[in-house]
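FYI, the numbering just counts along the sequence from 1.
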Amino acid sequence: MKLTGYTDRWSVQRGETLRVFVSCASSRFDVQLVRLIHGDENPRGPGFKSTPVPSPVEGSYPGESQAIQTGSYVLIDSRGEALGAEGFTVVLWLQATAPHQGEQGIVTQWDVERRRGFGLFIDGKGNLSGRAALTSGEVCSVTSRRTLRPQAWYQVALAYDPKHGNLTLLTQDMHPTVFDPPAEAVVAHLDSPVAWASDRPLLLAAGGLVSSDAGRTHATGCFNGKLSAPGVLARPLTAAELPGLSTGQLPVDGWLARWDLSHDPARRRIPDTSGHGYHGRTVNRPTRAVTGHNWTARTDSFREAPEQYNAIHFHDDDLEDAGWKESLRLVVPQELRSGVYALRLSTADGECDYLPFFVRTPTGKPDAAIAVLMPTVSYLAYSNEALDLEPFEFLAPLCPLRNMGLQAQAYEYIERLWLKSTYNHHRDGSGICHVTMLRPSLTSMRPTHRARLYDGPHQLSADLHLIDWLEEKQIPYDVICDHDLHREG
């Protein structure tokens with residue numbers, strides 16, 4: 001997209017401030033506040049209707065292209081320490097859902113630019129691989145001979161023994177097939193000491209952090225799949241001790257760090273239960289309260305058995321906040337009556353986009369006897385809906401009016417960055433259950449949007465038919481939103 005953006009919220013009151021974030025490939029873009037009346041451009045209807053509204057933000061602004069970096073992970077503050085420099089074992093259970101989608105970090109303290117530190121990864125061929133950078137400048141790897149089966153649970157340990165100079169990768173298939181060995185141990189000898197990346201945080205489900213040209217930090221090599229019960233033992237583990245992990249026979253005081261992934265899944269904090277304070281936080285909203293390696297299938301509620309829902313499902317296309325730099329702010333004028341508004345963005349070369357929002361009256365102080373409830377929860381659920389029946393010929397007759405060529409530029413942007421809706425799937429095939437307002441919403445929250453499956457208005461563009469009818473009939477109304485109703489009752 002050459003010109004697009006988003007606002008920090010969709011519902012505001014008079015006097016409140018709306019923050020606006022714009023990405024523009026041109027050197028400048030123009031802003032105009034408009035009141036939206038009707039969006040459907042079908043020639044058999046009244047056509048697009050909007051009314052310009054004078055505002056302090058009207059004018060020209062410098063353009064800047066802004067990128068979106070996706071991928072969820074857990075960030076752990078290592079306090080400038082190299083975890084386990086005297087010897088350690090990283091232990092966890094994992095279920096990879098897309099093991100062949102490039103290199104993916106599992107547990108890492110890795111400096112991407114300088115290639116220092118250590119980590120447990122899935123390599124580009126779908127095999128588990130332990131990695132340690134050496135002071136000699138080389139990187140030593142130890143790689144499993146088995147290829148991970150998608151959706152299968154594995155118990156994994158990566159042990160570093162500085163006394164003997166060994167890096168050992170231990171794996172155990174929780175449910176092996178006749179073609180898979182139930183357990184495997186692979187050892188590599190290190191010719192020189194490990195070059196630690198003590199200034200880097202420890203990450204779960206990512207390969208490392210890098211900085212972009214804009215100064216923002218994002219993760220690379222994000223993992224697709226579930227992690228369960230991860231921890232770091234303060235000593236190297238032997239192959240003979242691996243079965244003891246699953247039976248709980250290892251001493252509790254042997255843990256350097258142990259993270260409870262079932263803790264308070266509505267929040268970001270991931271506590272370290274070892275007592276050493278290596279607490280973490282989730283980034284980009286991975287899916288919480290999902291079944292772990294020890295799920296018995298006796299309940300489908302994490303509240304009834306939280307210890308069996310001790311996993312997090314990470315995706316390389318998760319996004320909580322695009323994190324763009326703020327382009328401008330609008331203080332909603334006191335004289336603005338309640339209604340549907342938008343900031344119209346445009347450039348000299350003909351690019352145009354609308355960033356809609358809703359102005360409501362203060363709670364308990366309506367201006368009109370009628371309130372129009374705008375279904376913003378539905379707008380959010382359908383945000384960037386990208387359903388496509390073309391690959392399924394038997395379903396195509398269900399949508400004889402489909403027009404898959406609509407909004408080609410917008411859908412290419414959605415597809416390339418995988419900014420899809422709850423009616424779509426993640427890249428690894430699992431269903432999307434989290435979406436965010438803090439990204440461009442190019443379908444349900446655009447006044448001229450037409451759904452590709454039936455070539456007609458959908459969500460906001462359809463609901464503006466009601467707004468146009470009220471305006472034509474000169475019926476006074478206020479606008480409120482689902483989010484207002486949920487927040488204030």
Side-chain angles (χ1 to χ4, degrees), residues 72-76 90-98 106-107 148-157 172-176 204-205 223-232 242-252 255 257-275 278-315 317-318 320 377-378 380-381 421-426 428-436 482-483 485-487 489:
S72 58
Y73 57 98
V74 172
L75 177 71
I76 298 157
V90 172
V91 293
L92 53 86
W93 283 257
L94 71 81
Q95 182 190 75
T97 50
I106 306 300
V107 178
L148 296 175
R149 289 182 288 113
Q151 313 296 335
W153 278 106
Y154 295 88
Q155 187 179 21
V156 182
Q172 184 168 288
D173 196 329
M174 298 286 291
H175 304 285
L204 304 182
F223 174 59
N224 285 293
K226 295 181 183 180
L227 298 183
S228 179
V232 180
L242 182 59
L245 287 173
S246 57
T247 59
Q249 295 174 358
L250 290 174
V252 175
W255 294 101
R258 198 175 194 185
W259 296 284
D260 180 5
L261 303 190
S262 67
H263 176 79
D264 199 359
R267 300 187 182 276
R268 297 177 179 84
R269 185 172 182 268
I270 303 295
D272 170 18
T273 61
S274 73
Y278 291 108
H279 305 299
R281 61 179 175 86
T282 61
V283 178
N284 268 341
R285 193 69 69 174
T287 306
R288 303 290 305 276
V290 295
T291 53
H293 67 284
N294 58 341
W295 185 55
T296 64
R298 293 180 181 273
T299 177
D300 59 3
S301 171
F302 74 90
R303 291 185 175 90
E304 295 179 1
E307 72 283 354
Q308 295 181 28
Y309 288 78
N310 62 350
I312 295 180
H313 194 154
F314 300 91
H315 306 90
D317 54 359
D318 281 331
E320 182 175 3
V377 170
S378 187
L380 193 57
S421 77
T422 58
Y423 289 85
N424 297 107
H425 293 86
H426 289 287
D428 70 352
S430 60
I432 295 174
C433 63
H434 294 312
V435 290
T436 176
D482 281 347
H483 287 78
L485 182 62
H486 174 77
R487 183 171 53 249

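Between the side chain of Arg258 and the backbone N or O of Gly275 there is no donor-acceptor pair closer than 3.5 Å. The backbone N or O of Gln151 sits nowhere less than 3.5 Å from a side-chain atom of Thr97 that would complete a donor-acceptor pair. The backbone N or O of Val283 sits nowhere less than 3.5 Å from a side-chain atom of Glu320 that would complete a donor-acceptor pair. Judged by distance alone, with hydrogens and angles left aside, the side-chain atoms of Trp259 form no donor-acceptor pair with the main-chain N or O of Ser228 at under 3.5 Å. Here the side chain of Asn310 pairs no donor or acceptor atom with the backbone of Leu261 at under 3.5 angstrom. With Ser72 contributing its side chain and Asp318 its backbone, the two residues share no donor-acceptor pair below 3.5 Å.
Of the listed residues (Val156, Ile270, Leu94, Leu204), just one forms a side chain to side chain contact (heavy atoms under 4.5 Å, CB included) with Pro230, and that residue is Leu204.
For the 3.5 Å distance criterion, the side chains of His313 and Asp428 qualify, holding a donor opposite an acceptor. Checking His315 against Asn224 by side-chain atom types alone, no donor-acceptor pair falls below 3.5 Å. Inspection of the Thr291 and Lys226 side chains reveals an N or O donor paired with an N or O acceptor under 3.5 Å.
Using a cutoff of 4.0 Å between basic side-chain nitrogens and carboxylate oxygens, Asp173 and Arg149 are scored as salt-bridged.
In this structure, the side chains of Thr287 and Cys433 come closer than 4.5 Å at one or more pairs of heavy atoms. For the pair Pro265 and Phe302, the minimum side-chain heavy-atom distance is below 4.5 Å. Side-chain contact between Ile76 and Val74 is present, with at least one heavy-atom pair separated by less than 4.5 Å. Contact annotation: the side chain of Leu92 never approaches that of Tyr154 to less than 4.5 Å [non-hydrogen atoms, C-beta and beyond]. Side-chain atoms of His425 and Ile432, non-hydrogen and from C-beta on, never get closer than 4.5 Å to each other.
The two residues Ala96 and Leu148 come nearest to each other via the heavy atoms CB-CD1, 4.2 Å. Tyr423 approaches Ala381 most closely through the heavy-atom pair CD1-O, 3.7 Å. When all heavy atoms of Thr282 and Pro286 are compared, the closest pair comes out as CB-CD, 3.8 Å.
Between Tyr309 and Trp295, the ring planes are perpendicular. Angles over 60° get that label, and only those under 30° would be called parallel. Between Trp93 and His293, the ring planes are parallel. Angles under 30° get that label, and only those over 60° would be called perpendicular.
The number of heavy atoms from other shown groups lying within 6.0 Å of CZ (Arg281) does not exceed 12. Around atom CZ of Arg487, more than 12 heavy atoms belonging to other residues, nucleotides or ligands sit under 6.0 Å away.
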(request) Kindly indicate, with the supporting measurements, whether the criterion side chain to side chain donor-acceptor pair (under 3.5 Å) is fulfilled by Glu307 and Ser262. (result) CA-CA 7 Å; Glu307 72 283 354; Ser262 67; over 6 Å; no
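Atom OG1 of residue Thr436 and atom CG of residue Leu380 lie 7.5 Å apart, to the nearest 0.5 angstrom. A distance of 11.5 Å separates CZ in Phe223 from CD1 in Ile312, rounded to the nearest 0.5 Å.
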